[in-house]
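Working notes, beginning with the structure itself.
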Amino acid sequence: MTLARTLPALAISAILAISASPAHRAIADTNLRGAGSTFSAALYNQWIENYHREHPAVSITYDAVGSGEGVRRFVAGAVDFGASDVVLSDCEAAQISGGAVMVPSTAGMVVLAYNLPGMRGELRLPRDVYPGVLSGQIRYWDDPRIRQANPGLDLPHRDIVIVARRDGSGTTFALTSHLAAMSQGWREQGLGVGKLVEWPSATMLASGNEGVASRIKISEGSIGYVEFGFAKRLGLPVALLQNRAGKFVAPNETTGRAALADAAAKTPVELNQSIVDPSGADAYLIVTFSWLLLYRDYAEPGRAVAVRDFVGWGLSSGQSFAEKIGYLPLPGDVAASGVQALGSVRQ
């Protein structure tokens, strides 16, 4: 994908202006530390590797510890940038001396991956079924409600084993936001929305998207939620989910972009929220933005310069890595808002 397809001219000009500034040219040897989202970790690792190749004076380490822990470290001032799939709350932002800057960095899809050996064909889960599966109300793979939607599949009579996150997670927040928005049953059971929720007692818990995906991979009869790229890399099958238009959709570039387009049609675009249940006929159901959390003021001017340059690179050149590993490049207007926010980091 070319830069011109990803960003509008205004955003390109702003990024080039940052890159051409004297401060940009004066980047000295700098070590940056980041921590947070596992959802976007694979993309950030690609950014770090390729940015360092182009800018060897800047070394960056990133700890994929989950959005909850990433926010905690950012608020505590233990990192140079945080990463989260949920924006800072007002309470969290108020704890940052000088203020925080939240920059949208990418978007991605939360998928339901499963492990049913020997089953051939695509698993379809209707809107009134998968909330029941995740809440523990539908307990067996050959439940009549699943069989009705999948007449051609040989569904086994075995327990459904849910795999979920044990750590504070933006992926969990995106999923539960979707379930609460579209399922009365989920709301009535009081399972709630959050980075951490109380899953059914028999749920298998794992840390990080990688941990959940790995647990699904080795656990027959299991189903869990992960960012699409993690399922893709491990070869896990993912369920086709029924969207608001009644269509069963698979996660891919086309359906993900349709969800982003649906969000963009709203005025104003709600960048501080997951896209919980888009109405587009071809839209995938659970899409979320991810953010980099920056300080408005850094104690060392050189550190501010390096952070701005790295994030600016990610909003431009870095977007080209997204599709290859299962993410969605930012729409042009969203990338432009990120560039505008980046400009408020003082150097």
Side-chain angles (χ1 to χ4, degrees), residues 34-49 61-70 83-86 106 108-120 122-123 125 130 133-136 141 156 158-176 178-179 194-241 250-252 256 284 286-288 290 321-328:
S37 169
T38 67
F39 183 94
S40 304
L43 180 62
Y44 295 152
N45 288 334
Q46 287 280 315
W47 286 9
I48 289 167
E49 178 183 345
T61 58
Y62 180 75
D63 293 330
V65 291
S67 295
E69 176 64 13
S84 176
D85 312 315
V86 185
T106 191
M109 296 169 281
V110 180
V111 303
L112 298 185
Y114 60 92
N115 182 342
L116 287 175
M119 193 186 76
R120 300 182 183 278
E122 297 177 320
L123 177 68
L125 295 178
Y130 62 86
V133 169
L134 294 172
S135 66
W141 280 108
R158 67 182 307 163
D159 291 336
I160 295 174
V161 180
I162 303 166
V163 184
R165 292 283 289 273
R166 68 158 47 96
D167 53 327
S169 160
T171 311
T172 302
F173 185 88
L175 174 70
T176 55
H178 167 75
L179 292 170
K195 297 176 189 175
L196 278 172
V197 298
E198 192 72 25
W199 295 100
S201 58
T203 299
M204 300 174 68
L205 300 176
S207 296
N209 272 273
E210 185 173 3
V212 171
S214 298
R215 182 61 61 88
I216 296 169
K217 182 77 171 179
I218 63 174
S219 304
E220 294 185 3
S222 64
I223 186 169
Y225 60 97
V226 293
E227 186 275 324
F228 176 48
F230 287 87
K232 188 176 179 180
R233 285 187 288 279
L234 286 185
L236 296 174
V238 298
L240 276 63
L241 303 182
N252 55 48
Y284 187 71
I286 317 168
V287 175
T288 184
S290 198
F321 297 97
E323 289 179 11
K324 302 172 187 176
I325 50 177
Y327 298 97
L328 301 168

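Remember, it's a predicted structure, so these values are computed and weren't measured experimentally.
- Taking 4.5 Å as the limit, every side-chain heavy atom of Val226 sits out of range of all side-chain heavy atoms of Thr171.
- With sequence neighbours left out, the salt bridge (Lys or Arg N to Asp or Glu O under 4.0 Å) criterion links Glu210 to no other residue.
- Atom CG in Asp167 sits 4.5 Å away from atom OG in Ser207 (nearest 0.5 Å).
- When atom types are taken as modelled, the side chain of Tyr284 and the backbone of Val110 share a donor-acceptor pair closer than 3.5 angstrom.
- Contact record, Thr106 with Ala322: OG1-CB, 4.5 Å, taken as the closest heavy-atom pair.
- Listed by chain and residue number, Ser67, Val71, Val86, Leu293 satisfy the side chain to side chain contact (heavy atoms under 4.5 Å, CB included) test with Ser84 (two or more places apart in sequence, or in another chain).
- For the pair Asn115 and Leu236, the minimum side-chain heavy-atom distance is 4.5 Å or more.
- Smallest separation of non-hydrogen atoms from Pro251 and Phe228: O-CZ, 3.5 Å.
- In this structure the side chain of Met109 never reaches within 4.5 angstrom of the side chain of Asn252, judged on heavy atoms.
- One distance of note links CG of Leu196 with CZ of Arg165; it measures 9.0 Å at 0.5 Å rounding.
- Of all the heavy atoms in Val65 and Gly70, the pair that sits closest is CG2-N, 4.0 Å.
- Going from atom CD1 of Ile223 over to atom CD1 of Ile160 covers 7.0 Å, rounded to the nearest 0.5 Å.
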- Applying side-chain contact (heavy atoms from CB on, under 4.5 Å), run through Val238 and Leu112 and close with a yes or a no. CA-CA 5 Å; Val238 298; Leu112 298 185; over 6 Å; no
- Item | side-chain hydrogen bond (donor to acceptor under 3.5 Å, both in side chains) between Ser290 and Asp85, worked out | CA-CA 4 Å; Ser290 198; Asp85 312 315; 2.6 Å; yes
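- Contact record, Glu227 with Gly326: OE2-O, 3.4 Å, taken as the closest heavy-atom pair.
- Interatomic distance, Leu123 CG to Tyr114 OH, rounded to the nearest 0.5 Å: 4.5 Å.
- In this structure the side chain of Leu240 never reaches within 4.5 angstrom of the side chain of Leu125, judged on heavy atoms.
- In this structure, Leu234 CG and Lys217 NZ are separated by 6.0 Å, a value rounded to the nearest 0.5 Å.
- Counting only distance, with no hydrogens or angles, the side chain of Ser40 and the backbone of Ser37 share no donor-acceptor pair below 3.5 Å.
- Here the closest non-hydrogen pair linking Ile162 and Gly136 is CD1-N, 4.1 Å.
- Within the model, atoms CG of Leu175 and OG of Ser169 stand 9.0 Å from one another, a figure rounded to the nearest 0.5 Å.
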- Message: The test is side-chain contact (heavy atoms from CB on, under 4.5 Å); show your working for Gln46 and Lys324 and say whether it passes.
- Response: CA-CA 11 Å; Gln46 287 280 315; Lys324 302 172 187 176; over 6 Å; no
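- With sequence neighbours left out, the side chain to side chain contact (heavy atoms under 4.5 Å, CB included) criterion links Ala64 to Thr38, Ala41, Tyr62.
- Partner of Tyr225 under the ring-ring contact (aromatic ring centres under 6.0 Å, His included) criterion, out of Phe230, Phe39, Phe173, Trp199: Trp199 alone.
- Formation of a donor-acceptor pair under 3.5 Å by the Asp63 side chain with backbone atoms of Ala35 is not found in this model.
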- Item | Criterion side-chain contact (heavy atoms from CB on, under 4.5 Å) on Ile286 and His178, from CA distance to verdict | CA-CA 7 Å; Ile286 317 168; His178 167 75; 3.7 Å; yes
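- Shown here for Thr176 and Gly194, the closest heavy-atom pair between the two residues is OG1-N, 3.2 Å.
- Proximity of a side-chain donor or acceptor of Thr203 to a complementary backbone N or O of Pro200 within less than 3.5 Å is detected.
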